[in-house]
Participant: 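Below are the structure tokens for one structure; questions will follow.
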Amino acid sequence: MRAIRGQRREGAQAQRKDRIKDALTAHLLDEARVHGCTLEETRMGELLAVDLELNAQGLEVWL
């Protein structure tokens, strides 16, 4: 039973981090456009991928 609860908690935490990462991504892409960035969203996502992942992990732990 504990294993099942642990798996649920891990799944919920992963979903939470993914939601945080999605929100950060949307925010940063929007801000890049405001500042005149003309790169495609996929390219911006590639360039920011590591930073977005680390920031999302850090926020998930902090929250």
Participant: Side-chain heavy atoms under 4.5 angstrom apart, residues restricted to Ile, Leu, Val, Met, Phe, Trp, Tyr: same cluster for Leu52 and Leu63?
Facilitator: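 Same cluster: Leu52 reaches Leu63 through Ile, Leu, Val, Met, Phe, Trp or Tyr contacts under 4.5 Å.
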Participant: When rounded to the nearest 0.5 angstrom, what is the spacing between CG in Asp18 and CD in Glu60?
Facilitator: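 Asp18 CG to Glu60 CD: 10.0 Å, rounded to 0.5 Å.
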Participant: In Å, rounded to the nearest 0.5 Å, how long is the span from CG of Leu24 to CG of Leu59?
Facilitator: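 These two atoms lie 6.0 Å from each other.
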Participant: Table please: side-chain donor-acceptor pairs of residues 36-49 below 3.5 Å, with sequence neighbours left out.
Facilitator:
residue, atom, partner, partner atom, Å
Arg43, NH1, Glu46, OE1, 3.1

Participant: Which residues pass the salt bridge (charged side-chain N to carboxylate O under 4.0 Å, His left out) test with Arg19, sequence neighbours left out?
Facilitator: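 In terms of salt bridge (charged side-chain N to carboxylate O under 4.0 Å, His left out), with neighbours along the sequence ignored, Arg19 is linked to no residue.
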Participant: Output, in order, the C-alpha distance, side-chain angles, deciding distance and verdict of side chain to side chain contact (heavy atoms under 4.5 Å, CB included) for Ile20 and Arg16.
Facilitator: CA-CA 6 Å; Ile20 292 169; Arg16 181 179 177 185; 4.2 Å; yes
Participant: As an exercise, state the distance from CG of Asn55 to CG of Leu28, rounded to the nearest 0.5 Å.
Facilitator: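 Asn55 CG to Leu28 CG: 8.0 Å, rounded to 0.5 Å.
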Participant: Listed by chain and number, what are the salt bridge (charged side-chain N to carboxylate O under 4.0 Å, His left out) partners of Glu53, not counting sequence neighbours?
Facilitator: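 Per chain and number, Glu53 pairs via salt bridge (charged side-chain N to carboxylate O under 4.0 Å, His left out) with Lys17, Lys21.
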